[in-house]
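We name chains A, B, ... by the order of the sequence lines, and we start the count at 1 in each one.
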Amino acid sequence: MLLGRATRLTQAVTGLPKEYVGVMRLHGDVGDEELAEALSKFVGEIYQTPPVRSRVARRPRLRTVYELEVIEREGRDVLFRAVVSGGTYVRKLCHDIGLLLGTGAHMRELRRTRVGNLHESQSHSLLEIYAAVRAYSEGDEGWLKSILRNPEELVAHLPRVEVLDTAVDAICHGAPLATPGVVSYDRSIEKGDLVAMFTLKGELVALGRAEKSALDFDEGGVFVRTDVVLMERGTYPPFWKGRFRGPVSQGRAS
Amino acid sequence: MTVLRFVYSDPFRERERETVRVREATTDERYGKRPEERSVEDLLRFGYIVVDKHSGPTSQDVVSSVRRVLGAEEAGHGGTLDAVRAGEIPL
C-alpha cells in the first residue's frame with residue numbers, strides 16, 4: 001500500500017521480480033524425469049501472450065523465469081516455487097508446461113511470497129494495519145511507526161544517481177539533471193535506463209531516464225531527464241532562481 | 001523424490017554497485033531530512049506498507065477505513081493538510 005506521494009512509484013514497482021509458491025495440477029500421469037525435462041525448458045527467457053482477461057495488449061512478450069523448483073509432488077499435484085520477472089503470468093506458465101507435456105495442466109493455487117526485496121514475513125494483515133491506525137488516532141504511534149516503511153526501499157533495484165543540494169529543487173520542478181549537478185552515479189547506467197535520483201542525505205528526489213550512458217558522462221550536458229517527481233517542492237531551497245539569496249525558511253523564496 | 005530445481009539467475013542477489021564519484025560534496029543539515037529520521041506524519045505523506053491481503057476483509061473496505069481514520073486525524077491537527085492518499089500496487 002503506497003501512501004501519499006509514494007503512489008507515484010506504482011510503475012517503477014510493477015517491474016520487480018517476484019517469487020510465488022503454487023500448486024499445479026497435471027491432467028495426466030507424468031514421470032519425474034519427464035516433468036523435470038519440461039520444467040527445464042521454461043527456465044530462462046520465455047515468450048508469453050497475456051490471457052484474454054488482462055488489461056495489457058495481447059502481444060507476445062519476453063519474460064524471464066529465473067527459477068523453477070518442485071518442492072513436493074503427490075501424483076498429479078505439483079507444489080512448486082517460481083521466481084519470475086514482473087508481468088509474468090504464472091497461470092499461463094502452468095498451462096504451457098501442460099501443453100509441452102502433452103497432458104495439459106492448470107494452476108490450482110498461487111501465493112506470492114516475495115516482491116523485490118519485500119518478503120511475506122514483512123507483511124501485515126489489513127486488520128493489524130487498521131488496529132495500528134486506530135492506536136495512532138488515539139495517541140499511540142509506536143505500532144504504526146513500526147509498520148510504515150521508507151519508499152526508498154522500493155527503488156533499491158534501480159541505478160542510483162546522487163545530486164547536489166543545489167540541484168534538488170530544480171529536479172522537483174521537473175528540470176533535467178545536468179552533469180554539473182551530479183555527485184555520483186552507477187557505472188552500470190545505460191542510455192534509456194530508469195534511474196533513481198537521491199540527495200546526499202539518502203532521500204529519493206525523483207525517477208528519471210538516463211539521457212546518456214555512464215561511459216559518456218564526461219561529455220557533459222543533460223544526464224538524466226526527470227520523469228516522476230517524488231520529493232515535495234520547497235524541501236530544498238530554490239537555488240535555480242536567479243534572484244535567490246541566502247538560506248530560506250521552509251524553502252520558499254520570494 | 002529428489003527435489004527438482006532449475007535456476008537461470010538470481011534477480012534478488014544484491015548487485016555490486018560500482019559507483020563513480022564525480023565530486024566531493026556535503027549536504028546542508030538545515031533542509032531535507034534523512035529517511036531514518038522521518039516521523040509517522042512524514043511517512044503517511046510519503047511511505048508504504050507491505051500488506052498481506054490473504055486474510056481479513058476486502059482491501060477496499062480497509063483502505064477506505066484507513067483513509068477515513070487518517071483523514072480525520074489530519075483534519076484534527078487543524079492544518080490545511082491534504083487528506084492522505086493511498087494507492088495500491090496492483091500486484
Inset, instruction - Just do the side chain to side chain contact (heavy atoms under 4.5 Å, CB included) check on Ile129(A) and Ile49(B) with the steps written out, would you? - result: CA-CA 9 Å; Ile129(A) 294 167; Ile49(B) 299 174; 3.6 Å; yes
[atom1]/[X] to [atom2]/[Y] distance, rounded to the nearest 0.5 angstrom?
X: Phe46(B); Y: Thr235(A); atom1: CZ; atom2: OG1; value: 10.0 Å
X: Glu18(B); Y: Ile189(A); atom1: CD; atom2: CD1; value: 12.5 Å
X: Leu164(A); Y: Thr26(B); atom1: CG; atom2: OG1; value: 9.0 Å
X: Leu68(A); Y: Phe6(B); atom1: CG; atom2: CZ; value: 8.5 Å
X: Arg187(A); Y: Thr19(B); atom1: CZ; atom2: OG1; value: 9.0 Å
X: Leu43(B); Y: Leu3(A); atom1: CG; atom2: CG; value: 8.5 Å

Legend entry - Charged N-O contact under 4.0 Å between Glu67(A) and Arg5(B):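 Counted as a salt bridge, because a side-chain N and a carboxylate O are separated by less than 4.0 Å.
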Legend entry - Under-4.0 Å salt bridge between Arg38(B) and Glu152(A):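 Counted as a salt bridge, because a side-chain N and a carboxylate O are separated by less than 4.0 Å.
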Inset, instruction - Between chain B and each of Leu118(A), Leu204(A), Leu35(A), count heavy-atom pairs under 4.5 Å; write down the option with the most. - result: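 It is Leu118(A).
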Inset, instruction - Using a cut-off of under 4.5 Å on heavy-atom pairs, state which of Arg160(A), Glu19(A), Glu128(A), Met231(A) scores highest against chain B. - result: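 Among the listed options, the one with the most contacts to chain B is Arg160(A).
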Inset, instruction - Take Glu41(B) and Tyr136(A) through the side chain to side chain contact (heavy atoms under 4.5 Å, CB included) test and state the conclusion after the steps. - result: CA-CA 10 Å; Glu41(B) 289 71 34; Tyr136(A) 168 69; 2.7 Å; yes
Inset, instruction - Between chain A and each of Val7(B), Val20(B), Asp42(B), count heavy-atom pairs under 4.5 Å; write down the option with the most. - result: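 Highest number of pairs under 4.5 Å: Val20(B).
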[Y] backbone acceptor or donor facing [X] side chain under 3.5 Å:
X: Asp165(A); Y: Asp28(B); answer: yes
X: Glu203(A); Y: Gly32(B); answer: no
X: Arg23(B); Y: Pro180(A); answer: yes
X: Lys201(A); Y: Tyr31(B); answer: yes

Legend entry - Residues, nucleotides or ligands: over 12 heavy atoms within 6.0 Å of Glu109(A) CD: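 Incorrect, the count does not exceed 12.
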Inset, instruction - Look at atom CD of Glu74(A) and say whether more than 12 heavy atoms of other residues, nucleotides or ligands are closer to it than 6.0 Å. - result: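 No, not enclosed.
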Which region of [X], side chain (C-beta onward) or backbone (N, CA, C, O), has a non-hydrogen atom less than 4.5 Å from a non-hydrogen atom of chain B, or is it both or neither?
X: Phe217(A); result: side chain
X: Glu162(A); result: side chain
X: Val83(A); result: side chain
X: Thr64(A); result: side chain
X: Ala132(A); result: neither
X: Val161(A); result: neither
X: Ser40(A); result: both

Do you know which two heavy atoms are closest between [X] and [Y], and how far apart they sit?
X: Pro17(A); Y: Phe12(B); result: O-CE2, 3.6 Å
X: Lys145(A); Y: Val40(B); result: CD-CG2, 3.4 Å
X: Gly47(B); Y: Ala6(A); result: O-CB, 3.3 Å

Legend entry - Val22(B) and Tyr185(A): CA distance, side-chain angles, deciding distance, side chain to side chain contact (heavy atoms under 4.5 Å, CB included) verdict: CA-CA 8 Å; Val22(B) 177; Tyr185(A) 60 90; 3.5 Å; yes
Inset, instruction - Taking the side chain as every heavy atom from C-beta outward, state whether Val50(B) and Arg149(A) have any atom pair closer than 4.5 Å. - result: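 Yes, side chains in contact.
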Legend entry - Side-chain touch Tyr48(B)/Asn150(A), heavy atoms, less than 4.5 angstrom: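 In short, these two side chains do not touch, never coming nearer than 4.5 Å.
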Inset, instruction - Examine whether an atom of Glu37(B) lies under 4.5 Å from a heavy atom of chain A, and if so say whether it belongs to the side chain, the backbone or both; otherwise answer neither. - result: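 For Glu37(B), there is no contact with chain A at all, as no heavy atom is under 4.5 Å.
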